[in-house]
Asks: 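Handing you this structure, nothing more for now.
For this chain, numbers begin at 1 and follow the sequence in order.
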Amino acid sequence: MISEINAAIKQNDFQRIKVLVETVIEEHTNTFSFDAFHADNTFKQLWESMFLCLTVESYRCIHKQCLTCIRLLSRDKTHLKDIVIEKHINILLHCANLVDNTLCIVITTENTDIIVEGLKCLCNIVYNCDTAQEVCCSNKTVDCIILRLRTYFEQNIPYVIKYFDIKLLFLLTAFNKDIRLKITEELHGLTYLTEVLDNILRGTIEDSSKNNSSSLQEENVLLSCEILKTLFNLTVIPKSESTVEDDYSIWIRLISILRDLLVTSNFVIPLFQDNIICNVINLLTNAPPTCLDQLLVKSHWCEFDALKVIVNFLDNKLSNTENPTYEHISPTLMVLLKGSRCIAKFRCEVRQQILPPLKDVINRPEQGKTLRNKLCRLLTTPNVSLRDLVAELLFVLCKENVGRMIKYTGFGNAAGLFANRGLLCKTSNPDYSSDSEDSDTEEYLTYKDQINPVLGCYEPPKPNPFECMSVEQQEHEVMQLVSKMDKLTREGVIQPCKIGDDGRPKPIEHVLQLQEELMNHFTNIKNKDGPDDESD
């Protein structure tokens with residue numbers, strides 16, 4: 001096949017080249033590994049032949065086919081680093097109209113297909129090859145992309161070009177830290193990408209007023225997700241002090257747009273809905289906590305609550321995943337934690353949805369289908385990072401009040417957090433507003449005195465095991481228990497502790513020290529546990 005293509009090139013037989021290349025394309029549309037081509041050097045020869053055709057202007061009628069062939073070959077990164085050179089990247093950039101500030105915005109019906117195929121090739125090669133990343137980050141590639149995206153809606157540029165422009169920008173910002181700084185500080189990329197998002201949203205709102213439907217179209221969802229991923233890359237870098245004020249104003253505007261995107265996601269099919277909410281939440285993890293109050297502002301065109309969308313997203317993730325991972329749900333937890341710790345109203349809103357006034361006191365906190373139940377189950381997960389993050393969120397929602405945390409989660413579930421933070425002898429944090437209104441439900445008040453604080457639920461009275469025993473038998477059973485615990489302690493199986501002055505567990509010398517310590521601790525907490533409150 002390759003010999004026939006080379007022979008056709010020498011004879012300038014365009015039609016023959018086109019037929020042969022289309023045959024290769026048809027045979028390898030779903031191929032991602034070209035092992036057979038590598039064996040006899042066909043891969044490199046075909047690669048060079050396609051680029052040779054792209055350099056000849058008279059071959060323009062077959063440039064699209066050549067680019068498609070290159071795109072298929074670039075899926076296989078086995079030897080890509082060895083054959084890709086700067087000249088190849090420059091040829092592809094020329095095809096994608098990304099070499100000159102004046103040409104990059106020239107989009108016609110004649111060159112659209114070639115631009116798209118050129119962008120697809122660049123995306124593949126940049127993803128798989130370091131050389132391509134270095135070349136594109138050292139020339140005017142990003143300058144041209146930023147300039148072109150500024151004209152997206154003025155010139156009515158086709159969606160597919162927008163999509164692969166942003167995808168290429170995302171890949172470059174993912175692999176190169178320096179290019180992020182250039183885009184952010186020199187090219188004002190944050191502002192222009194935010195403008196594109198705003199235009200997408202504005203178009204959706206205008207369509208909804210005409211058609212009585214506020215649904216994001218599939219194309220707009222996919223484009224928005226690529227923009228959100230690129231914005232994440234650009235905002236993950238620390239900013240200099242001189243740009244803090246500007247960043248704050250950019251974030252305020254950006255979060256107001258993200259809020260409307262969250263609201264709009266309710267009208268998107270589930271697959272796209274999860275995609276856009278996930279990317280919005282990832283971006284919000286980079287936002288300054290003080291800006292998150294923008295999520296509380298009601299949209300002027302829709303009655304849905306953006307913060308509720310985030311909480312529901314967390315609830316759905318926990319419902320659909322038997323063993324959630326840290327990577328899976330940590331971004332959502334981080335956003336809720338950042339906002340709740342910094343903004344009182346934000347904390348109040350989140351608390352109403354995660355820790356509403358307690359009614360179910362019969363079942364353990366980790367039993368049930370509510371979001372509180374699901375999060376309490378994670379307090380004992382072996383995934384330490386996830387466990388600590390969940391515990392931190394619940395503790396902040398309880399205004400860092402030990403008694404209230406025990407009320408909602410049970411001491412057994414929260415003991416790890418208390419021990420790590422030295423809170424086993426404390427009850428509240430003065431950094432939060434004081435209790436102002438009793439919000440205990442009738443169900444809670446009815447069983448309050450019979451709730452086992454370790455379990456976090458009502459425990460019916462149990463028969464006294466010593467009731468039918470004589471004093472001598474009781475003493476014998478107690479000493480048997482003490483003897484067994486002492487043996488386990490001496491053998492290193494367990495290490496009984498008491499609560500030290502710093503609020504952390506301290507090893508004890510003998511198990512008999514436990515009784516007085518434990519009774520004093522729970523009596524102290526029960527006496528100091530004030531009523532819950534609604535306000536923050």
Side-chain angles (χ1 to χ4, degrees), residues 197 201 204 214-216 218 220-222 224-229 231-232 235 254-287 289 291-299 302-341 343 345-356 368-378 381 383 385-387 389-394 396-397:
L197 263 185
L201 198 59
T204 301
S214 48
S215 176
L216 274 170
E218 178 182 345
N220 286 334
V221 172
L222 296 175
S224 296
C225 287
E226 291 302 318
I227 295 172
L228 291 169
K229 290 192 291 185
L231 285 169
F232 176 86
T235 54
L254 179 55
I255 293 179
S256 67
I257 295 170
L258 298 181
R259 177 193 66 227
D260 287 342
L261 273 176
L262 286 172
V263 169
T264 308
S265 69
N266 281 283
F267 305 100
V268 179
I269 62 174
L271 176 63
F272 293 143
Q273 184 183 48
D274 281 2
N275 201 1
I276 201 162
I277 294 175
C278 182
N279 282 294
V280 167
I281 290 173
N282 287 342
L283 179 52
L284 287 172
T285 60
N286 294 340
C291 296
L292 292 176
D293 59 353
Q294 293 300 306
L295 293 174
L296 303 174
V297 179
K298 301 296 181 183
S299 295
C302 185
E303 61 182 18
F304 282 94
D305 184 346
L307 194 54
K308 189 171 181 60
V309 173
I310 295 177
V311 175
N312 288 343
F313 179 75
L314 173 63
D315 195 2
N316 292 335
K317 285 294 181 185
L318 293 176
S319 298
N320 299 331
T321 309
E322 186 174 346
N323 296 306
T325 62
Y326 180 81
E327 295 76 13
H328 198 211
I329 63 171
S330 62
T332 313
L333 295 171
M334 286 178 183
V335 171
L336 296 176
L337 176 59
K338 282 170 60 176
S340 298
R341 179 176 279 147
I343 305 165
K345 187 178 179 183
F346 191 103
R347 179 175 62 249
C348 185
E349 293 283 339
V350 175
R351 181 184 157 204
Q352 287 174 4
Q353 297 178 55
I354 294 180
L355 299 178
K369 297 182 179 180
T370 68
L371 185 51
R372 175 180 76 100
N373 302 142
K374 296 169 189 174
L375 291 174
C376 284
R377 285 197 283 273
L378 294 177
T381 178
N383 187 326
S385 299
L386 181 58
R387 179 198 68 194
L389 185 56
V390 171
E392 192 73 19
L393 172 61
L394 292 174
V396 168
L397 294 181

Asks: Tell me the closest heavy-atom pair linking L386 and P324, and the distance in Å.
Replies: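 It is CD2-O, 3.5 Å.
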Asks: Could you report the tightest heavy-atom contact between R347 and V396, atom names first, then the distance?
Replies: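 Distance-wise, the nearest heavy atoms are CD-O, 3.3 Å.
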Asks: Nearest 0.5 Å please: distance from the CG atom of L284 over to the CG atom of L295.
Replies: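 It is 5.5 Å, given to the nearest 0.5 Å.
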Asks: So, do L307 and L336 sit near enough that their side-chain heavy atoms are less than 4.5 Å apart?
Replies: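 Heavy-atom side-chain distance check passes, below 4.5 Å.
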Asks: Would a distance-only check, ignoring hydrogens and angles, find a side-chain to backbone donor-acceptor pair under 3.5 Å from R372 to P356?
Replies: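 Side chain of R372 to backbone of P356, a donor-acceptor pair under 3.5 Å: no, none is there.
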Asks: Would you mind checking if D315 and K374 are paired as a salt bridge, meaning a charged N to carboxylate O distance below 4.0 Å?
Replies: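 Salt bridge flag = yes for D315 with K374.
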Asks: Would you say NZ of K317 has more than 12 non-hydrogen atoms from neighbouring residues, nucleotides or ligands within 6.0 angstrom?
Replies: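 Yes, because the 6.0 Å sphere around NZ of K317 holds more than 12 heavy atoms from other groups.
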Asks: Compute whether any side-chain donor of one residue and acceptor of the other, for N275 and N279, lie under 3.5 angstrom apart.
Replies: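 Yes, N279 and N275 have a side-chain donor paired with an acceptor closer than 3.5 Å.
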Asks: Evaluate side-chain contact (heavy atoms from CB on, under 4.5 Å) for I281 paired with L314, printing each intermediate quantity in order.
Replies: CA-CA 11 Å; I281 290 173; L314 173 63; over 6 Å; no
Asks: Indicate yes or no: at least one non-hydrogen side-chain atom of D293 is less than 4.5 angstrom from one of F346.
Replies: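 They are not in side-chain contact.
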Asks: Just verifying a value: how many Å separate L283 CG and L228 CG, rounded to the nearest 0.5 Å?
Replies: 6.0 Å
Asks: Do the non-hydrogen side-chain atoms of S256 and V297 ever get within less than 4.5 Å of each other?
Replies: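 A side-chain contact is absent here, since even the closest heavy-atom pair is not under 4.5 Å.
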Asks: Drop me the distance from L393's CG to L355's CG, to the nearest 0.5 angstrom.
Replies: 8.0 Å
Asks: Going by the rule side chain to side chain donor-acceptor pair (under 3.5 Å), which residues pair with N282 if we only count those two or more places apart in sequence or in a different chain?
Replies: none
Asks: Drop me the distance from S330's OG to L337's CG, to the nearest 0.5 angstrom.
Replies: 11.5 Å
Asks: Any donor-acceptor pair under 3.5 Å linking the side chain of R259 with the backbone of Q294?
Replies: yes
Asks: Does the side chain of L262 reach to within under 4.5 Å of the side chain of I277, using non-hydrogen atoms?
Replies: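 Yes. Closest side-chain heavy atoms under 4.5 Å.
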Asks: Indicate the atoms forming the closest heavy-atom contact of R387 with T381, along with that distance.
Replies: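 Scanning both residues completely, I find the closest heavy atoms to be CB-CG2, 3.7 Å.
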Asks: Residues in side chain to side chain contact (heavy atoms under 4.5 Å, CB included) with K338, at least two apart?
Replies: P289, L292
Asks: Would L378 and I329 count as a side-chain contact (heavy atoms from CB on, under 4.5 Å) here? Give the steps.
Replies: CA-CA 11 Å; L378 294 177; I329 63 171; 3.8 Å; yes
Asks: What I'd like to find out is whether the side chain of L258 reaches to under 4.5 Å of the side chain of L254, using heavy atoms alone.
Replies: yes
Asks: Quick one: pull up CG in N323 and CG in N383 and give me the separation to the nearest 0.5 Å.
Replies: 10.0 Å
Asks: Looking at OG of S224 and CD1 of I276, how far apart are the two atoms once the value is rounded to the nearest 0.5 Å?
Replies: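 Rounded to the nearest 0.5 Å, the OG-CD1 separation comes out at 4.5 Å.
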Asks: Between V311 and Q353, which heavy-atom pair has the shortest distance, and what is it?
Replies: CB-OE1, 3.5 Å
Asks: Shortest non-hydrogen contact from P331 to Y326?
Replies: CD-O, 4.4 Å
Asks: Would a distance-only check, ignoring hydrogens and angles, find a side-chain to backbone donor-acceptor pair under 3.5 Å from N316 to N312?
Replies: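 Pair found, side chain donor or acceptor close to backbone of N312.
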Asks: Indicate the atoms forming the closest heavy-atom contact of I354 with L371, along with that distance.
Replies: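 Closest pair (atom of I354, atom of L371, distance): CG1-CD2, 3.6 Å.
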Asks: Test of understanding: with side chain to side chain donor-acceptor pair (under 3.5 Å), list the residues that count as partners of S385, not counting sequence neighbours.
Replies: none
